[in-house]
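All remarks here apply to the structure that follows.
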Amino acid sequence: MLGLNKKDTKFLLIVICLTLATPFLMQPFAEGTALAQFNGGYPDLMQRVAIFGIFAIGFNILFGLTGYLSFGHAAFLGVGSYSAVWMFKLLSMNIIPGIILAMIMSGLFALLIGYISLRRSGIYFSILTLAFAQMSYNLAYSVLTPITNGETGLQVRPTDVRLLDGANAPDYPNLFGWTMSTSYKWELGAHQFTFNVGFYVCAVIAIAAFYLSLRIFRSPFGLMLRAVKSNQQRMSYTGLNPKPYTLAAFVISGMYAGLAGGLLASMDPLAGAERMQWTVGGEVVVMTILGGAGTLLGPVLGAGAIKYLENIFSKINESVLHSWFSFLPDGLEDAVVWLFARFTGDGWHLTLGLLFMAVVIFLPGGLMEGGARIRAKFGRRGDIDETGAATKTPAE
Amino acid sequence: MSILEVQNVNKSFGGLKALQNVNLKVEEGTIHAIIGPNGAGKSTLLNCFVGKLIPDTGSVMFNGQSLLGKKPYEINQMGVSRVFQTPEIFGDLSVFENVMIPCFAKRDGAFRMHAIERVEREVDIREAAEQMLIDVDMIDKKHMIASSLSRGDKRRLEMAMCLSQNPQLLLLDEPTAGMARADTNNTIELLARIQDRRHITMAIIEHDMHVVFSLAQKISVLAQGTVIVEDLPENIKGHPKVKEAYLGEAAE
């Protein structure tokens, strides 16, 4: 089906089911119970999981297949967001033109940055992309204020032109009149599930993005990208020019990032320079490695895990901790709360850092390798290949 | 007719003259060995053929076309394949994928955006790669990851990769270095068989005289950056200049 063999079709169907069932999967606990704060099934978080999933899938096409580690992909995310918001201002609050322009602009931008950065490989390439990202951030923050609205960020206003929108068109991002923020709630006993239009738009696009990356992984083009990672010298003495292959991978992954940026703006119609900061580009690197670079599903899992934990951990502030440890004697309670507070709330990044270190040291293949190890332990052969190219070496 | 013609090639690295007025002709359909003591400039010469180095002066013509200034992948697309001294293979990929890649390169050229096709469905490429693996007796290792092969098998795989492109000229840089005698004999037998069946022209750099005299139809002896003798194998043995080159002044 769809140009996939049986195994891949099954794999894709599982991914589709999991994606569409996210509102249930991320909402496992009943309302009103102590565990309800670990529920993640609210629209904002689910949208972010899907969007950063797309970002990571695209990043993985570059990093997972060719091994070129870019720290500059936040720039494309930002370009996507700005392009989309401009389309909302000029043409229509319908998200389609915004998303299309986001992909075109980020693609062109990636072509330029990729053409220059790919003259070098390894650490020099990473530094070049980092420099470009920081340059883009500063341009967006100050120099290009007429286009980006500087530190305030670009926003939609009632006075915008919006050439294609009629008088009755919604004032919020929508898909042919269906606004992204619309949610339908479903109560089932003590459970409450939220079905959000924006999330399902992101989910459908994420599935399409995943399908495309699956096809790329299985194509001769994907094989050539893996050859780039494995041995460029052999590649050129075999009559293949590695440059256009890596550049194509760079542009494709840049367009994925632009699509993610356009979707971020579609869910919440503003774009700020902070989206281009290198930490955002670093986050997608962490997501990809955490999930398993070079595997198909890994980056999506990594994106989901990080976004979920980020939301949950950030919510656990000192008063929540106090309520948890109230059974302890006073002095001890304060000490324990102080200790845990370093790792939760604002201290979430410390936890992320430790988690990342643990994965890189003990599980270099990421969550996917962890899954394969568990399966191997329970008698079934650990079949990493099912979910993409098996990589035995840790990600560089 | 000569397929490769090298004329007056000079190459220096700083003050070191690695190649001085080298002249060489490789006849089509023959196996031509280039021998010489260490540091004679053999590998430098080979690097000038494949675009890794550009000679300071002189010309390198392949089938009447100059190879100078061409990129390695352009030279390969013209029909020149090279086997390296230490095997250069795609270590992370399977043996089968290793052989498919050169087949794709031969069919699709230096770059093609074949992202929608499926490797699974490329029947002609898969069959060609399989046939090549049968030819070099490696079909049972088809699904192994290339980096886990033994050293001899890596060499054999690299040869299979080059041969799968059906090159007009195959350059081999010490194809048996570090091999056990049995493996060396296997390689000799393999190369002889291929030459017999496909008439691929080969230029071999080799130290092992057993290999050289088993295979070569013509031998060039390189010493201190110049070709001192170019002759048939039977005339090379015992040639005074060759003895001198290998043993130094003491031979006189």
Side-chain angles (χ1 to χ4, degrees), chain A residues 1-9 61 64-67 211-249 251-253 255 293-294 384-385 388-396, chain B residues 47 49-52 71-84 86-94 96-122 125-126 143 145-148 157-158 161-162 164-165 167 171:
Chain A
M1 193 184 88
L2 292 167
L4 299 173
N5 64 20
K6 247 188 186 154
K7 218 162 113 188
D8 284 340
T9 309
I61 291 175
L65 289 179
T66 70
Y211 168 71
L212 192 66
S213 104
L214 184 61
R215 287 298 297 267
I216 289 175
F217 267 66
R218 301 285 184 256
S219 71
F221 175 70
L223 181 63
M224 297 308 165
L225 295 185
R226 283 159 63 209
V228 170
K229 182 178 184 175
S230 191
N231 191 340
Q232 281 206 41
Q233 161 127 318
R234 177 29 90 199
M235 208 179 162
S236 40
Y237 287 101
T238 304
L240 295 160
N241 187 357
K243 274 220 178 102
Y245 280 107
T246 34
L247 185 59
V251 172
I252 291 171
S253 76
M255 286 174 79
I384 315 179
D385 199 50
T391 40
K392 288 211 295 185
T393 45
E396 292 107 294
Chain B
N47 285 339
F49 298 166
V50 292
K52 198 170 182 183
K71 299 246 165 57
Y73 68 87
E74 291 170 329
I75 292 174
N76 176 280
Q77 289 287 353
M78 289 165 74
V80 182
S81 282
R82 175 176 180 182
V83 174
F84 286 80
T86 42
E88 292 279 354
I89 52 175
F90 301 110
D92 305 334
L93 308 185
S94 74
F96 190 45
E97 286 169 330
N98 265 278
V99 185
M100 275 198 287
I101 289 171
C103 295
F104 276 119
K106 173 88 178 171
R107 193 191 71 182
D108 298 339
F111 172 70
R112 196 178 136 202
M113 189 74 200
H114 32 28
I116 300 303
E117 292 94 327
R118 298 157 59 188
V119 177
E120 260 178 15
R121 289 282 173 89
E122 301 281 358
I125 297 275
R126 297 181 82 88
H143 294 297
I145 298 293
S147 61
S148 63
L157 174 60
E158 195 185 15
M161 291 164 73
C162 291
S164 68
Q165 295 191 309
L171 304 169

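Source: prediction; values computed, not measured.
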Please classify the contact between A:A248 and chain B as side chain, backbone, both or neither, with a heavy-atom cut-off of under 4.5 Å. side chain
Heavy-atom contact with chain B under 4.5 Å, split by part of A:M235: both
Out of B:M78, B:M100, B:K71, B:E117, return the one with the most heavy atom pairs under 4.5 angstrom to chain A. B:E117
Just so I understand: if I count every heavy-atom pair under 4.5 Å between each of A:I252, A:T238, A:I216, A:L223 and chain B, which residue has the most? A:T238
If you look at every heavy atom in A:G294 and A:F217, which pair is closest and at what distance? O-CE2, 3.3 Å
At a 4.5 Å cut-off on heavy atoms, which part of B:I116 comes close to chain A: side chain, backbone, both, or neither? both
So which of B:P167, B:C162, B:A115, B:A146 has the biggest tally of heavy-atom pairs under 4.5 Å with chain A? B:A115
Any salt bridge linking B:D92 with A:K229? Criterion: basic side-chain nitrogen under 4.0 Å from a carboxylate oxygen. no
Out of B:R118, B:M113, B:Q77, which one racks up the most heavy-atom pairs below 4.5 Å with chain A? B:R118
Between A:G222, A:P242, A:S236, which shows the greatest number of heavy-atom pairs under 4.5 Å with chain B? A:S236
In terms of heavy-atom pairs under 4.5 Å, which option from B:E158, B:E122, B:R121 contacts chain A the most? B:E158
What's the verdict on side-chain contact (heavy atoms from CB on, under 4.5 Å) for B:F104 and A:M224, showing C-alpha distance, side-chain angles and the deciding distance? CA-CA 9 Å; B:F104 276 119; A:M224 297 308 165; 3.3 Å; yes
Taking atom types as modelled, is there a side-chain donor on B:R82 or B:N47 under 3.5 Å from an acceptor on the other? yes
B:M161 and B:I89: side-chain contact (heavy atoms from CB on, under 4.5 Å), yes or no, with the steps? CA-CA 9 Å; B:M161 291 164 73; B:I89 52 175; 3.9 Å; yes
For a quick test of reading the model, state the closest non-hydrogen atom pair linking B:V119 to A:P220 and the distance between them. CG2-N, 3.4 Å
side-chain contact (heavy atoms from CB on, under 4.5 Å) evaluation trace for A:N231 with B:F90: CA-CA 6 Å; A:N231 191 340; B:F90 301 110; 3.8 Å; yes
